[in-house]
Amino acid sequence: MKDLNIIVLDSNTRRRAEIAHKLAPLVRYVEPCESIGEALALDSETSVILVHDTGDILARLMREMENRRTWIAPIAYRADAPADRIVDAVRAGAIDYLTLPCEPAIWRQHILQSWPQASEETRRRRGRAQARGLISRLSEREREVLGWLAQGNSNKAIARELEISPRTVEIHRANMMGKLHARHTADAVRIALESQIA
């Protein structure tokens, strides 16, 4: 765990400091943060964010990560969390849930067990965010062409579906490929699939 970074997102200064102090010997560094903006400014592929589960903080964190096209795997925690709260947190995107009070050995065990999933989820979500960033550059018509292309349609078939000429499809396709930095059709289709628009 020595190559792992932990971000502690908690509005309670004392609790945030206590958790950071307990975890500091276990990881490369621990950064206590009071706000979502502060936490996401520390973006790192080797980070996990521990989120004190109060109010709608987890939902707001997930929305902000989506808006910023980034991802840091969240582990939620709270004292005496009811089962339905844990289920809601996992549905919202938490990869694990810890109930306070919690000893460093338990934190370590949960983080170690969660890290393979967190690492894979980080890779997947960042890939999707990057793909969506590329897709956002496309015009509406270029997105339509990409969508039909990702379904395996030829230029002629796309032209029929969109009621435009095959030559116009070629132009939109060439523009779309350039904006996506795609060298060939397979690159464009992979980006479409990663972005989950197709």
Side-chain angles (χ1 to χ4, degrees), residues 1-136 194-197:
M1 274 188 30
K2 283 294 184 182
D3 60 343
L4 184 64
N5 307 317
I6 302 291
I7 299 166
V8 181
L9 177 57
D10 195 325
S11 60
N12 183 292
T13 306
R14 183 176 176 191
R15 185 174 49 232
R16 192 169 66 231
E18 285 176 3
I19 292 170
H21 179 72
K22 285 181 180 179
L23 294 176
L26 306 176
V27 295
R28 182 167 47 193
Y29 78 79
V30 179
E31 190 67 45
C33 297
E34 186 174 4
S35 70
I36 291 172
E38 183 184 2
L40 294 183
L42 302 167
D43 187 7
S44 167
E45 288 190 23
T46 56
S47 292
V48 169
I49 187 165
L50 303 176
V51 184
H52 185 243
D53 184 27
T54 54
D56 66 345
I57 185 75
L58 193 56
R60 288 189 296 119
L61 173 65
M62 300 302 280
R63 279 194 306 271
E64 189 58 29
M65 286 195 291
E66 185 72 24
N67 291 341
R68 293 181 185 217
R69 294 191 174 99
T70 191
W71 171 259
I72 303 172
I75 296 176
Y77 65 91
R78 179 175 155 164
D80 303 321
D84 61 336
R85 184 77 184 197
I86 296 170
V87 170
D88 288 346
V90 171
R91 284 185 178 151
I95 60 166
D96 201 351
Y97 204 105
L98 289 154
T99 305
L100 301 180
C102 197
E103 292 304 311
I106 302 298
W107 285 103
R108 184 178 193 280
Q109 178 185 355
H110 276 264
I111 293 167
L112 278 174
Q113 288 173 347
S114 299
W115 181 242
Q117 178 192 352
S119 183
E120 176 58 26
E121 187 71 0
T122 298
R123 187 202 60 74
R124 190 180 67 75
R125 292 228 184 192
R126 285 177 184 240
R128 184 173 72 194
Q130 289 171 354
R132 286 184 176 177
L134 290 170
I135 298 286
S136 71
E194 281 187 356
S195 72
Q196 298 183 340
I197 69 153

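Not measured: the values here are computed from a predicted model. We count residues from 1, following the sequence as given.
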How many angstroms lie between atom [atom1] of [X] and atom [atom2] of [Y], to the nearest 0.5 angstrom?
X: M62; Y: D56; atom1: CE; atom2: CG; value: 13.0 Å
X: E31; Y: I49; atom1: CD; atom2: CD1; value: 11.0 Å
X: L58; Y: L9; atom1: CG; atom2: CG; value: 9.5 Å
X: Q113; Y: R108; atom1: CD; atom2: CZ; value: 11.0 Å
X: I111; Y: L4; atom1: CD1; atom2: CG; value: 6.5 Å

Is there a side-chain contact (heavy atoms from CB on, under 4.5 Å) between C33 and L42? Walk through the geometry before answering. CA-CA 10 Å; C33 297; L42 302 167; 3.5 Å; yes
Grab the two heavy atoms, one from [X] and one from [Y], that are nearest each other, plus how far apart they are.
X: A89; Y: D53; value: CB-OD2, 4.2 Å
X: I72; Y: S47; value: CG2-O, 3.6 Å
X: G55; Y: R85; value: O-NH2, 3.0 Å
X: T99; Y: A79; value: CG2-C, 4.4 Å
X: G127; Y: E194; value: O-OE1, 3.6 Å

Mark yes when over 12 heavy atoms from residues, nucleotides or ligands other than D84 sit less than 6.0 Å from its CG; otherwise mark no.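 More than 12 heavy atoms, drawn from other residues, nucleotides or ligands, come within 6.0 Å of this atom.
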Testing L50, V48, V51 one by one against V8 for a side-chain contact (heavy atoms from CB on, under 4.5 Å), which residue passes?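 It is L50; the other options fail the test.
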For E64, check salt bridge (Lys or Arg N to Asp or Glu O under 4.0 Å) against everything at least two apart and list the hits.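 Expected list: R68.
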Any salt bridge (Lys or Arg N to Asp or Glu O under 4.0 Å) involving residues 89-105? Give me the pairs, sequence neighbours left out, ordered by first then second residue.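 Sorted pair list comes back empty.
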Using side-chain contact (heavy atoms from CB on, under 4.5 Å), reason through L61 and L40 one step at a time and then give a plain yes or no. CA-CA 9 Å; L61 173 65; L40 294 183; 4.0 Å; yes
In the structure I gave you, are the side-chain heavy atoms of I75 and I95 within less than 4.5 Å of one another anywhere?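 Result yes, sub-4.5 Å side-chain heavy-atom pair found.
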4.5 Å side-chain heavy-atom contact, C102 and K22: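 Side chain of C102 against side chain of K22, heavy atoms only: no contact under 4.5 Å found.
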Measure up the H52 and Y77 rings against each other and bin them: parallel (under 30°), tilted (30 to 60°), perpendicular (over 60°).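 Rings of H52 and Y77: tilted, as their planes differ by 30° to 60°.
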Assess the residue pair I57 and I36 against the criterion (side-chain contact (heavy atoms from CB on, under 4.5 Å)); give the C-alpha distance rounded to whole Å, side-chain angles, the decisive distance to 0.1 Å, and a yes or no. CA-CA 8 Å; I57 185 75; I36 291 172; 3.7 Å; yes
Are E66 and R132 close enough, and set up right, to give a side-chain contact (heavy atoms from CB on, under 4.5 Å), and what steps lead you there? CA-CA 10 Å; E66 185 72 24; R132 286 184 176 177; 2.5 Å; yes
Of all residues at least two apart in sequence or in a different chain, which pass the side chain to side chain donor-acceptor pair (under 3.5 Å) check with E18?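 Result, side chain to side chain donor-acceptor pair (under 3.5 Å) vs E18: R14.
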Candidates R16, R15, R78 - the one meeting salt bridge (charged side-chain N to carboxylate O under 4.0 Å, His left out) with D10: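 By the salt bridge (charged side-chain N to carboxylate O under 4.0 Å, His left out) criterion, D10 pairs with just one of R16, R15, R78: R15.
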